[in-house]
> 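Right, I'll just put the structure down here and ask away after.
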Amino acid sequence: MKKRIFKWILVIAFMVLIFMFSNEVAVESDEKSKFVINILNMLGIDLNSAFGNLADFLVRKAAHFTEYFLLFLLLYNALAEDFSVKAAINLAILFVFLYACTDEYHQLFIEGRSGKFRDVLIDTSGGFLCYIIIALKNKKKKKNKKDNIWTYSM
(Lines give C-alpha, C1' and ligand atoms only; values in the text may rest on other atoms or scores of the structure.)
Protein backbone atom coordinates (compact mmCIF):
# COMPACT_ATOMS: atom_id res chain seq x y z
CA MET A 1 0.00 0.00 0.00
CA LYS A 2 2.79 2.43 0.90
CA LYS A 3 4.57 1.62 -2.34
CA ARG A 4 1.45 2.45 -4.36
CA ILE A 5 0.94 5.76 -2.52
CA PHE A 6 4.60 6.70 -2.97
CA LYS A 7 4.34 6.06 -6.73
CA TRP A 8 1.32 8.35 -7.00
CA ILE A 9 3.05 11.02 -4.91
CA LEU A 10 5.92 10.94 -7.41
CA VAL A 11 3.47 11.33 -10.32
CA ILE A 12 1.72 14.28 -8.69
CA ALA A 13 4.99 15.93 -7.66
CA PHE A 14 6.33 15.64 -11.21
CA MET A 15 3.11 17.07 -12.63
CA VAL A 16 3.46 20.01 -10.24
CA LEU A 17 7.05 20.49 -11.41
CA ILE A 18 5.91 20.56 -15.06
CA PHE A 19 3.19 23.04 -14.10
CA MET A 20 5.75 25.26 -12.35
CA PHE A 21 8.02 25.26 -15.41
CA SER A 22 5.06 26.14 -17.61
CA ASN A 23 4.03 28.89 -15.23
CA GLU A 24 7.28 30.82 -15.81
CA VAL A 25 7.07 33.89 -18.01
CA ALA A 26 8.92 33.62 -21.32
CA VAL A 27 11.98 35.58 -20.11
CA GLU A 28 12.57 33.18 -17.18
CA SER A 29 12.07 30.15 -19.39
CA ASP A 30 14.49 31.52 -22.01
CA GLU A 31 17.15 32.04 -19.32
CA LYS A 32 16.97 28.35 -18.40
CA SER A 33 17.44 27.35 -22.04
CA LYS A 34 20.45 29.67 -22.34
CA PHE A 35 21.86 28.21 -19.12
CA VAL A 36 21.67 24.69 -20.60
CA ILE A 37 23.29 25.89 -23.83
CA ASN A 38 26.12 27.51 -21.82
CA ILE A 39 26.70 24.28 -19.87
CA LEU A 40 26.84 22.34 -23.14
CA ASN A 41 29.32 24.92 -24.49
CA MET A 42 31.54 24.38 -21.42
CA LEU A 43 31.43 20.65 -22.16
CA GLY A 44 32.60 21.33 -25.71
CA ILE A 45 29.22 20.95 -27.39
CA ASP A 46 28.56 24.13 -29.35
CA LEU A 47 24.90 23.96 -30.34
CA ASN A 48 24.89 27.59 -31.50
CA SER A 49 27.48 26.99 -34.20
CA ALA A 50 25.77 23.78 -35.27
CA PHE A 51 22.18 25.04 -35.21
CA GLY A 52 22.38 28.84 -34.89
CA ASN A 53 19.18 30.41 -33.60
CA LEU A 54 17.57 26.98 -33.67
CA ALA A 55 19.70 25.85 -30.68
CA ASP A 56 17.40 27.47 -28.11
CA PHE A 57 14.35 25.92 -29.76
CA LEU A 58 15.97 22.46 -29.76
CA VAL A 59 16.95 22.68 -26.10
CA ARG A 60 13.42 23.73 -25.13
CA LYS A 61 11.76 20.98 -27.13
CA ALA A 62 14.22 18.36 -25.87
CA ALA A 63 13.30 19.42 -22.34
CA HIS A 64 9.58 19.00 -23.10
CA PHE A 65 10.23 15.61 -24.71
CA THR A 66 12.23 14.45 -21.68
CA GLU A 67 9.71 15.77 -19.14
CA TYR A 68 6.89 13.82 -20.72
CA PHE A 69 9.05 10.71 -21.19
CA LEU A 70 9.58 10.75 -17.43
CA LEU A 71 5.92 11.55 -16.72
CA PHE A 72 4.90 8.52 -18.78
CA LEU A 73 7.37 6.32 -16.90
CA LEU A 74 6.09 7.49 -13.52
CA LEU A 75 2.47 7.07 -14.60
CA TYR A 76 3.09 3.61 -16.00
CA ASN A 77 4.76 2.50 -12.76
CA ALA A 78 1.85 3.81 -10.70
CA LEU A 79 -0.83 2.38 -12.98
CA ALA A 80 0.90 -1.01 -13.23
CA GLU A 81 0.05 -1.54 -9.55
CA ASP A 82 -3.64 -1.91 -10.44
CA PHE A 83 -3.81 -2.65 -14.18
CA SER A 84 -2.35 -5.08 -16.69
CA VAL A 85 0.74 -3.97 -18.60
CA LYS A 86 -1.32 -3.25 -21.72
CA ALA A 87 -3.92 -1.22 -19.84
CA ALA A 88 -1.23 0.65 -17.85
CA ILE A 89 0.71 1.74 -20.94
CA ASN A 90 -2.46 2.71 -22.80
CA LEU A 91 -3.81 4.73 -19.87
CA ALA A 92 -0.42 6.35 -19.32
CA ILE A 93 -0.11 7.53 -22.94
CA LEU A 94 -3.67 8.85 -22.90
CA PHE A 95 -2.97 10.73 -19.66
CA VAL A 96 0.32 12.14 -21.03
CA PHE A 97 -1.52 13.45 -24.09
CA LEU A 98 -4.28 15.02 -21.98
CA TYR A 99 -1.82 16.58 -19.54
CA ALA A 100 0.20 17.99 -22.46
CA CYS A 101 -3.01 19.54 -23.80
CA THR A 102 -3.81 21.15 -20.46
CA ASP A 103 -0.21 22.33 -20.12
CA GLU A 104 -0.31 24.10 -23.48
CA TYR A 105 -3.70 25.61 -22.64
CA HIS A 106 -2.26 26.86 -19.34
CA GLN A 107 0.61 28.55 -21.22
CA LEU A 108 -1.90 30.69 -23.14
CA PHE A 109 -2.34 32.67 -19.92
CA ILE A 110 1.38 33.16 -19.18
CA GLU A 111 3.15 36.33 -20.31
CA GLY A 112 5.19 35.76 -23.45
CA ARG A 113 4.20 32.10 -23.72
CA SER A 114 1.89 30.43 -26.17
CA GLY A 115 0.08 27.14 -26.38
CA LYS A 116 0.79 25.17 -29.53
CA PHE A 117 -0.54 21.82 -30.65
CA ARG A 118 2.94 21.14 -32.08
CA ASP A 119 4.21 21.18 -28.50
CA VAL A 120 1.48 18.75 -27.45
CA LEU A 121 2.75 16.40 -30.15
CA ILE A 122 6.37 16.82 -29.00
CA ASP A 123 5.37 16.18 -25.38
CA THR A 124 3.29 13.16 -26.32
CA SER A 125 6.16 11.85 -28.46
CA GLY A 126 8.34 11.77 -25.35
CA GLY A 127 5.72 9.63 -23.64
CA PHE A 128 5.28 7.51 -26.75
CA LEU A 129 9.00 6.70 -26.90
CA CYS A 130 8.77 5.44 -23.33
CA TYR A 131 5.63 3.50 -24.35
CA ILE A 132 7.57 1.77 -27.13
CA ILE A 133 10.52 0.95 -24.88
CA ILE A 134 8.28 -0.59 -22.20
CA ALA A 135 6.23 -2.52 -24.77
CA LEU A 136 9.40 -3.93 -26.38
CA LYS A 137 10.87 -4.79 -22.98
CA ASN A 138 7.71 -6.65 -21.97
CA LYS A 139 7.55 -8.45 -25.32
CA LYS A 140 11.15 -9.59 -24.86
CA LYS A 141 10.39 -10.68 -21.30
CA LYS A 142 7.45 -12.80 -22.53
CA LYS A 143 9.62 -14.34 -25.26
CA ASN A 144 12.33 -15.20 -22.74
CA LYS A 145 9.75 -16.88 -20.48
CA LYS A 146 8.56 -19.00 -23.42
CA ASP A 147 12.14 -19.89 -24.33
CA ASN A 148 12.87 -20.86 -20.72
CA ILE A 149 9.89 -23.22 -20.65
CA TRP A 150 11.28 -25.13 -23.62
CA THR A 151 14.81 -25.07 -22.27
CA TYR A 152 13.81 -26.59 -18.95
CA SER A 153 11.50 -29.18 -20.41
CA MET A 154 14.15 -30.79 -22.57
Side-chain angles (χ1 to χ4, degrees), residues 1-40 45 47-48 50-146:
M1 184 67 166
K2 287 181 182 181
K3 185 177 173 183
R4 175 181 292 138
I5 292 169
F6 180 71
K7 287 180 178 186
W8 281 108
I9 289 171
L10 287 176
V11 169
I12 292 166
F14 198 71
M15 289 171 61
V16 168
L17 182 67
I18 291 172
F19 180 86
M20 289 170 44
F21 285 144
S22 294
N23 207 41
E24 294 175 343
V25 296
V27 174
E28 290 177 39
S29 183
D30 289 342
E31 288 302 315
K32 285 189 175 140
S33 298
K34 289 175 185 165
F35 178 73
V36 170
I37 290 172
N38 288 335
I39 288 176
L40 292 172
I45 303 167
L47 290 179
N48 286 325
F51 298 105
N53 293 336
L54 197 56
D56 185 54
F57 174 81
L58 293 174
V59 166
R60 294 169 69 83
K61 299 313 163 193
H64 276 259
F65 187 91
T66 304
E67 283 175 344
Y68 283 84
F69 180 98
L70 293 173
L71 179 59
F72 179 93
L73 185 60
L74 292 171
L75 278 163
Y76 168 76
N77 281 325
L79 290 165
E81 290 287 323
D82 297 309
F83 296 96
S84 69
V85 169
K86 186 176 181 178
I89 60 177
N90 287 331
L91 287 169
I93 197 66
L94 175 64
F95 191 85
V96 162
F97 171 75
L98 293 173
Y99 195 69
C101 289
T102 63
D103 183 50
E104 291 304 313
Y105 180 73
H106 166 236
Q107 289 181 38
L108 291 173
F109 303 100
I110 307 301
E111 182 183 325
R113 305 286 296 264
S114 62
K116 296 183 177 153
F117 189 68
R118 172 195 66 202
D119 289 347
V120 171
L121 295 177
I122 291 169
D123 297 345
T124 305
S125 295
F128 193 68
L129 176 61
C130 194
Y131 178 108
I132 291 169
I133 291 169
I134 290 170
L136 290 174
K137 181 182 168 217
N138 284 318
K139 187 174 183 178
K140 183 177 179 181
K141 194 186 293 186
K142 280 184 182 178
K143 183 185 180 304
N144 286 343
K145 280 185 180 177
K146 275 186 184 176

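In this chain, residues are counted from 1 in sequence order. In this text the structure is predicted, and so the values were computed from the model without any measurement.
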> Applying side chain to side chain contact (heavy atoms under 4.5 Å, CB included) between Phe65 and each of Leu129, Leu70, Asp123, report the one that passes.
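Answer after filtering Leu129, Leu70, Asp123: Leu129.
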> Please report the interatomic distance CD(Glu81) to CG(Leu79), rounded to the nearest 0.5 Å.
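With rounding to 0.5 Å, CD (Glu81) is 10.0 Å from CG (Leu79).
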> Are the side chains of Phe97 and Cys101 in touch, meaning some heavy atoms are under 4.5 Å apart?
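Yes, their side chains come closer than 4.5 Å.
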> About how many Å separate CD1 of Ile9 and CZ of Arg4, when rounded to the nearest 0.5 Å?
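Answer rounded to 0.5 Å: 13.0 Å.
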> Checking side chain to side chain donor-acceptor pair (under 3.5 Å) against Asp119, which of His64, Arg60, Gln107, Lys61 comes through?
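It is Lys61; the other options fail the test.
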> What distance do Ile5 atom CD1 and Ile12 atom CD1 have between them, rounded to the nearest 0.5 Å?
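Result: 10.5 Å between the selected atoms.
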> Compare every heavy atom of Thr124 with every heavy atom of Ala100, then report the nearest pair and how far apart it is.
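Taking every non-hydrogen atom into account, CB-OG1, 4.2 Å.
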> Which value, rounded to the nearest 0.5 Å, describes the distance between Asp103 atom CG and Asn23 atom CG?
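CG of Asn23 is found 10.0 Å from CG of Asp103.
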> Donor-acceptor pair, Asn90 side chain versus Lys86 backbone, under 3.5 Å?
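The answer is yes, because a donor-acceptor pair under 3.5 Å joins these two groups.
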> Mind running side chain to side chain contact (heavy atoms under 4.5 Å, CB included) on Tyr68 and Ile18 for me, showing each step along the way?
CA-CA 9 Å; Tyr68 283 84; Ile18 291 172; 3.5 Å; yes
> Check Val96 against Gly127 and note the closest heavy-atom contact, atom names and distance.
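Distance-wise, the nearest heavy atoms are CG1-CA, 4.3 Å.
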> Give the minimum heavy-atom separation between Ala26 and Gly112, together with the two atoms involved.
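So the minimum-distance heavy-atom pair works out to CB-O, 3.3 Å.
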> Test His106 against every option in Phe21, Phe19, Tyr99 by the ring pair (Phe, Tyr, Trp, His ring centres under 6.0 Å) rule and name the one that passes.
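Of Phe21, Phe19, Tyr99, ring pair (Phe, Tyr, Trp, His ring centres under 6.0 Å) with His106 is met by Phe19 alone.
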> Nearest 0.5 angstrom please: Phe95 CZ to Leu71 CG, how far?
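The distance works out to 7.0 Å.
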> Just how far is it from atom CD1 of Ile122 to atom OG1 of Thr66, taken to the nearest 0.5 Å?
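Ile122 CD1 to Thr66 OG1: 11.5 Å, rounded to 0.5 Å.
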> Dump the intermediate steps for side chain to side chain contact (heavy atoms under 4.5 Å, CB included) on Val11 and Met15, then the final yes or no.
CA-CA 6 Å; Val11 169; Met15 289 171 61; 3.8 Å; yes
> So which heavy atom on Ile110 is nearest to which on Ser22, and how close?
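Closest approach of Ile110 to Ser22: CG1-O, 3.6 Å.
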> Decide side chain to side chain contact (heavy atoms under 4.5 Å, CB included) for Phe72 and Tyr76; before the verdict, give the C-alpha distance in whole Å, the side-chain angles of both, and the deciding distance to 0.1 Å.
CA-CA 6 Å; Phe72 179 93; Tyr76 168 76; 4.1 Å; yes
> Go through the steps for Arg118 and Leu121 under the test side chain to side chain contact (heavy atoms under 4.5 Å, CB included), then give the verdict.
CA-CA 5 Å; Arg118 172 195 66 202; Leu121 295 177; 5.6 Å; no
